[in-house]
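Written below as structure tokens is the structure these notes are about.
If you read the sequence from its start, that first residue is 1, and numbering goes on from there.
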Amino acid sequence: MAQKHYSRIYIVLFMLLLSLVTPATARAEMTLEVTTSGSNSATVEFSLQDLDAMDQVTFSTSTIWTDDKVTFSGVPLKALLTELNTNGTSIEMVALNDYKVTMPLAELENDAPIIATRMDGETMSVRDKGPYWVVFPYDQDPKYRAETIYTFSIWQLKHLKVVD
């Protein structure tokens, strides 16, 4: 009887350990897919480590989705597309839940939006709108507090596709 009791304790401990390890492992394995356009169209996958290796932009801002001002860091979307040497007129952005929004490339600035990989210095779980979230420095300029900009602020980003 005592041996059966200890087996249950081991199973519960194992499940607790598994629940602590799995979210971090899942975040580390999620990639961002980017499909370029044109005759040399290709899909490239970026891991968190790949994105971390690129130049980073950091800003603090309030959002309509968070309670307090938060600090985001990540790669400028324009820099990512420049790295891929891609051309097009717009970019289709798709989330894990298949929400899709298309943004004209003319909206891209050098430092905004960014593909945020961290909020307040921590990677973001899917539950926290991660692992990748397109964000603008909403507090820096009233133009970033427009409804169209909010629709471009897609979270749980999984795929980008450049469209001609």
For the residue pair [X] and [Y], what are the closest heavy atoms and their distance?
| X | Y | value |
| --- | --- | --- |
| Thr58 | Ser73 | OG1-CB, 3.3 Å |
| Phe59 | Asp111 | CE2-O, 4.4 Å |
| Met54 | Ala79 | CE-O, 4.2 Å |
| Leu105 | Gly88 | CD1-O, 3.2 Å |

So which pairs with a foot in [range] pass salt bridge (charged side-chain N to carboxylate O under 4.0 Å, His left out), sequence neighbours left out?
| range | result |
| --- | --- |
| residues 143-154 | Glu109-Lys143 |
| residues 48-60 | Asp52-Arg118 |
| residues 119-137 | none |

Taking atom [atom1] of [X] and atom [atom2] of [Y], what is their separation to the nearest 0.5 Å?
| X | Y | atom1 | atom2 | value |
| --- | --- | --- | --- | --- |
| Met93 | Ser153 | CE | OG | 8.0 Å |
| Gln56 | Ile115 | CD | CD1 | 10.5 Å |
| Phe46 | Tyr132 | CZ | OH | 10.5 Å |
| Phe152 | Leu108 | CZ | CG | 9.5 Å |

- Query: Is a side-chain N or O of Thr102 found less than 3.5 angstrom from the main chain of Ile91, in a donor-acceptor match?
  - Reply: no
- Return yes if some donor-acceptor pair links the side-chain N/O of Thr61 with the main-chain N/O of Asp139 below 3.5 Å, else return no. yes
- Query: More than 12 foreign heavy atoms under 6.0 Å from CD of Glu83: is that the case here?
  - Reply: no
Between [Y] and [X], is there a side-chain heavy-atom distance shorter than 4.5 Å?
| X | Y | answer |
| --- | --- | --- |
| Ile114 | Val135 | yes |
| Leu51 | Leu80 | yes |
| Leu48 | Thr117 | yes |
| Ser62 | Asp68 | no |
| Trp133 | Met119 | yes |
| Met103 | Thr148 | no |

- Tyr144 meets the ring-ring contact (aromatic ring centres under 6.0 Å, His included) criterion, sequence neighbours left out, with Phe136
Under 3.5 Å, sequence neighbours excluded: what are the donor-acceptor pairs made by side chains of residues 156-164?
{"from": "Gln156", "atom 1": "NE2", "to": "Val126", "atom 2": "O", "distance (Å)": "2.7"}
{"from": "Lys158", "atom 1": "NZ", "to": "Asp98", "atom 2": "OD1", "distance (Å)": "3.4"}
{"from": "His159", "atom 1": "ND1", "to": "Glu33", "atom 2": "OE1", "distance (Å)": "2.8"}
{"from": "His159", "atom 1": "NE2", "to": "Thr35", "atom 2": "OG1", "distance (Å)": "3.0"}
{"from": "Asp164", "atom 1": "OD1", "to": "Ser37", "atom 2": "OG", "distance (Å)": "3.0"}

- Audit row: Tyr138, Ile149, side chain to side chain contact (heavy atoms under 4.5 Å, CB included) steps and yes/no: CA-CA 9 Å; Tyr138 308 100; Ile149 294 298; 4.1 Å; yes
- Contact list for residues 94-113, test ring pair (Phe, Tyr, Trp, His ring centres under 6.0 Å), sequence neighbours left out: none
